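See below for the structure under consideration.
FYI, side chains are in, hydrogens and waters are out, and symmetry mates aren't considered; it's all heavy atoms of this structure. Throughout, a chain's letter reflects where its sequence line sits, starting with A, and its residues are numbered from 1. What you see is a predicted model, and the numbers here were worked out from it, not measured in a lab.
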2 protein chains.
Amino acid sequence: MARPRLTAEAADGVRADICAAAARLYERDGYDAVTMRAIAAAMDRSQALPYRYFKNKEHIFVALRAMCFDRLTTTMEAVLARGDPPLVTLHTMAHSFITFAEANPAEYRLMFALRQPPPAEYPELHAARQRALATLQTAYQQAVDQGLISGDALTGSHVVWAAMHGLLTLHLAGQLTIGRRLDELVAPMLDTLFGPRRMAAAKAAGRRPQG
Amino acid sequence: MARPRLTAEAADGVRADICAAAARLYERDGYDAVTMRAIAAAMDRSQALPYRYFKNKEHIFVALRAMCFDRLTTTMEAVLARGDPPLVTLHTMAHSFITFAEANPAEYRLMFALRQPPPAEYPELHAARQRALATLQTAYQQAVDQGLISGDALTGSHVVWAAMHGLLTLHLAGQLTIGRRLDELVAPMLDTLFGPRRMAAAKAAGRRPQG
DNA sequence: CGGATTTAATTAACGTTGTTCAAAGAATCT
DNA sequence: AGATTCTTTGAACAACGTTAATTAAATCCG
């Protein structure tokens with residue numbers, strides 16, 4: 001025959017390199033710095049190379065998004081694995097969500113950009129997002145099962161997700177005028193979502209060493 | 001002397017025309033269709049004309065954003081002017097917020113875009129946004145004054161604003177997987193924010209013909 | 001009325017960008 | 001070695017934001 005095709009792993013490796021270069025550019029110099037030419041230049045390759053591995057620029061950003069969601073999911077699953085009392089877990093999970101966003105604002109902006117291709121077109125990204133939400137839902141379900149929260153977990157976890165996300169979105173867009181510390185709004189938000197008295201009691205009673 | 005400068009009103013008129021052309025393009029063909037050349041072409045002018053009236057493209061979008069916030073504020077103020085009981089007003093205001101977003105998704109996306117210049121650089125836009133939030137805060141304050149809600153109005157109105165916004169943001173980005181109707185989440189969200197029992201009671205007792 | 005002058009608007013151009021396509025390079029089999 | 005097939009490249013295109021040089025328009029003064 002002829003020259004053998006790249007192994008699937010090899011092709012994935014190149015794709016990973018492309019994503020890494022794009023991520024580095026994005027994190028260091030912002031969205032506008034992520035150009036196809038710059039990505040290729042960072043890899044010491046020609047400007048046309050990325051097009052052999054991604055259909056277009058948008059697909060590269062979709063891949064980046066999925067990677068970010070995977071990272072977020074990992075931290076959320078770690079919280080769930082600690083096995084704290086449900087309300088403590090929810091509280092901690094919400095804070096780790098906020099910590100993630102504040103530590104990686106550029107990534108968060110990317111993940112939840114308002115201008116995005118319809119998720120249905122990118123099942124991989126959709127799955128990554130669902131994994132994060134499922135983790136929250138599991139924690140919420142445990143709280144419901146123990147009678148600490150009423151309502152169904154699917155709806156409730158969506159409400160929590162949306163409320164936290166709204167806070168972070170406004171914060172990152174500089175549209176929060178109340179003070180400088182986001183915490184001033186996080187605490188009341190969590191109180192509203194989970195109830196202040198129950199939270200305090202759960203935290204006092206539920207602290208464990210590790211898990 | 002020589003050719004007289006354009007009147008301030010005349011210049012504002014041209015600026016308004018530019019914004020109108022940009023808005024029409026944005027609404028009809030999306031963000032990518034809003035190019036300086038297309039704006040000028042829609043006005044039957046040369047491609048360099050917008051630069052005499054706006055520093056750059058970003059400033060045009062800032063102006064559009066401010067116009068959208070003014071429209072939102074108008075509808076919110078109308079709700080406040082009805083003079084319903086505070087909890088009814090808050091409830092109605094939240095729904096009008098959602099109605100606005102669902103009726104003008106493109107505008108909403110524009111208003112709350114994650115990638116935006118720092119608000120401090122555009123006091124006019126900042127003021128327009130503050131006006132909307134102040135309206136909500138006023139309604140919230142009335143509820144606090146009547147003992148229907150605890151906590152301070154500034155914090156509380158921010159929490160409500162953020163929660164509603166989070167819901168809409170995820171909805172518009174297609175990241176809400178629960179059912180098709182946004183209402184399935186709006187109702188639980190409002191219940192969480194304002195309390196279901198008090199809400200129902202207030203609505204039953206407070207309905208008025210017009211205000 | 002007619003040149004001088006000052007502002008407005010246009011034409012033309014520059015540097016970049018995303019993307020495509022034909023040509024060149026590399027790796028295998030016969 | 002030569003043919004063949006995949007990979008990579010170099011060059012090109014159209015479109016964009018933006019700026020500079022040029023032309024058109026409207027006033028004032030004589």
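- B/F97 and B/H165 have their aromatic ring centers separated by at least 6.0 angstrom.
- The interatomic distance linking B/I39 (CD1) with D/dT18 (C1') rounds to 14 Å, in whole Å.
- Residue A/M43 contributes atom CE, which lies 15 Å from atom P of D/dT7 at whole-angstrom precision.
- Between A/F61 and A/Y122, the distance from one ring center to the other does not fall under 6.0 angstrom.
- Rounding to the nearest 0.5 angstrom, the gap separating the CG atom in B/L176 from the CG atom in B/L170 is 5.5 Å.
- For the side chain to side chain donor-acceptor pair (under 3.5 Å) condition, the pairs that include at least one residue of residues 44-55 of chain A, sequence neighbours left out, are A/R37-A/Q47.
- A/E124 CD: 12 or fewer foreign heavy atoms inside a 6.0 Å radius.
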query = Once each nucleotide of nucleotides 9-17 of chain D is scored for protein heavy atoms under 4.0 Å, what B/S/- sequence comes out, 5' to 3'?
reply = BBBB---BB
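- For the pair A/L6 CG and C/dG25 P, the interatomic distance rounds to 19 Å; values are reported in whole Å.
- Note on B/Y53: only backbone sugar-phosphate atoms sit closer than 4.0 angstrom, heavy atoms only; bases stay farther off.
- Rounded to whole Å, atom C1' of C/dT19 lies 14 Å from atom CD of A/E58.
- Side-chain atoms of A/R3 come within donor-acceptor range of the base of C/dA26, with a qualifying N/O pair under 3.5 Å.
- Closest approach of B/I60 and B/P50 over heavy atoms only: CD1-CB, 4.5 Å.
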